[in-house]
Amino acid sequence: MIKVCKFGGTSMADGNMMKKVADIIKSDGARRYVVVSAPGKRYGADIKVTDLLYRCYDEVAQTGKCGESFDKICERFRGIVGELNLSMDIDKILADTKEEIEKEKSTDFTASRGEYLSARVMAALLDVPFIDARDVVKFDKNGLLDSERTFELTGDALKGKKNAVVSGFYGEDVNGKVKTFSRGGSDISGAIVARAVMADLYENWTDVSGFLACDPRIVDNPEGISAMSYKELRELSYMGANVLHSESIFPVRAGDIPICIKNTFRPMDEGTMILPTSKYRYTGKIVTGIAGKKNFSVIFIEKSLMNSEIGFARKVLSVLEKHGVNFEHMPSGIDTMSFVIDSEELKHGVLEEILEDIRTAVKPDNLRVFDEIALIATVGHGMSRNVGTSAKLFDAIARAGINVRMIDQGSSELNIIVGVDNDNCERAIRAIYEEFFRKGPSFGL
Ligand code: ASP
């Protein structure tokens, strides 16, 4: 049995937390390979080491030298090493790191040093080898993970090693430069290591006991999710349930490796088990979870007999492609078509140019834009098994007096997405939660 464990920033925040992490690892011989984040916040107003490193990069870009932010980072690592009573020469490692940051002058390189340093400290604490992600995680010429090479190199590096600590968050591009994943990307690194060694389980240790059915800032004390499928995870995390990076699923999916979300502060809690969709068994729940994300724009196009005009959709899509804009959903009717787009992508005049190009390309009868739309995803394999789910969902939203601006239901019936005004987002989530989680057993059909 092999378990790969990834520990997030809060779990690495100080010496005391790192000791807890070491105890967790040592309590189970299957926990052989460990991936770590950079130290996160110790208390509410604290600053994550990664954020300090981004500041550090700005200081280097302005003055050519590491400044105040790097001093703070040094203080934190010296403090941790002191607390843990480690004999490693942290002063030398920090001095070398400073020199490299000043030489490289790269955002990604600078940001990656938090994980580099915390992995070195963790390896010293556990007295096991340190594997630099730079040597094993490789990106291709398009900046995407080169999975095959990465799995092979990581597998080879770990072969014959009983235990090891691998730094999270970064790898190396085709020019030999350090490149990071997006924020929170150590989750992806953990998944990569799990796939590379074909682990039996990928444990992702964080500061909560797994996924909740919805955001606890919106609903008081929501139910925990004990099990869900890869597909449900992907839908929920993409829509803002941010316990786990939404891209973590891809490496483990290739190996059918389950993920377990665990809490470093409460290791005995069961957590959430995320299973390959083929192995997921219906739990009797209709809805697994609800998540929402604000600030989308909907471009609405209407034209009579649109459906008989060959190439209509292609023409509109090529306008979006020309402007390098992604769309999230494309609900359509006989004579209407809408594109739901993250409003960020339409800033700085991009929207106006897109509208002009759509007018030229397809001469619509009506072209409108709705802003400040929130998307709410209600997710669960159980929805396809239960007649009347969408009726109940829309009824709940209607009873709350909320206008639905858009509806999209994927053909898998795993997900119903509704678009509402940003201001109604929280209320709509509450209404859906009440309907599916607080109405009692009579609801199960
Ligand atoms: N340290 C990085 C961040 O704060 C990556 C991670 O923790 O996963 O985003």
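Start at 1 and go down the list; that is how both ligands and their atoms are numbered. Numbering of residues begins at 1 and proceeds along the displayed sequence.
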| message | Suppose we measure from atom 7 (O) of ligand 1 to each protein heavy atom; which comes out shortest, and what is that distance? | response | Ser37 OG, 3.0 Å
| query | Does Gly168 come within less than 4.0 Å of ligand 1, judged by its heavy atoms? | reply | no
| message | With respect to Asp187, determine whether any N or O atom, backbone or side chain, lies less than 3.5 Å from an N or O atom of ligand 1. | response | no
| Of the listed options Lys6, Lys48, Met12, Arg183, closest to atom 9 (O) of ligand 1 (non-hydrogen atoms) | Arg183
| Which pairs count as ring pair (Phe, Tyr, Trp, His ring centres under 6.0 Å) when at least one residue sits in residues 214-264, sequence neighbours excluded? | none
| request: Among Lys177, Lys98, Arg113, Lys179, find the residue that satisfies the salt bridge (Lys or Arg N to Asp or Glu O under 4.0 Å) test when tested with Glu104. | output: Lys177
| task | May I ask you to identify the nearest protein heavy atom to atom 6 (C) of ligand 1, giving residue, atom name and distance to one decimal place in Å? | result | Ser186 OG, 3.3 Å
| request: Of the side chain and backbone of Glu115, name the one, both, or neither that has a heavy atom under 4.0 Å from an atom of ligand 1. | output: side chain
| said: For residues 171-218, which residue pairs pass the ring pair (Phe, Tyr, Trp, His ring centres under 6.0 Å) check, not counting sequence neighbours? | reply: Phe7-Trp205, Phe139-Phe181
| task | Tell me, please: is Gly184 in heavy-atom contact with ligand 1, that is, under 4.0 Å? | result | yes
| request: Verify the distance criterion only: is there a donor paired with an acceptor across the side chains of Ser343 and Asn295 at less than 3.5 Å? | output: no
| said: Can you confirm whether the side chains of Asn204 and Asp187 place a donor and an acceptor under 3.5 Å from each other? | reply: yes
| request: Assess the pair Tyr116 and Phe130: is the distance between their ring centroids shorter than 6.0 Å? | output: yes
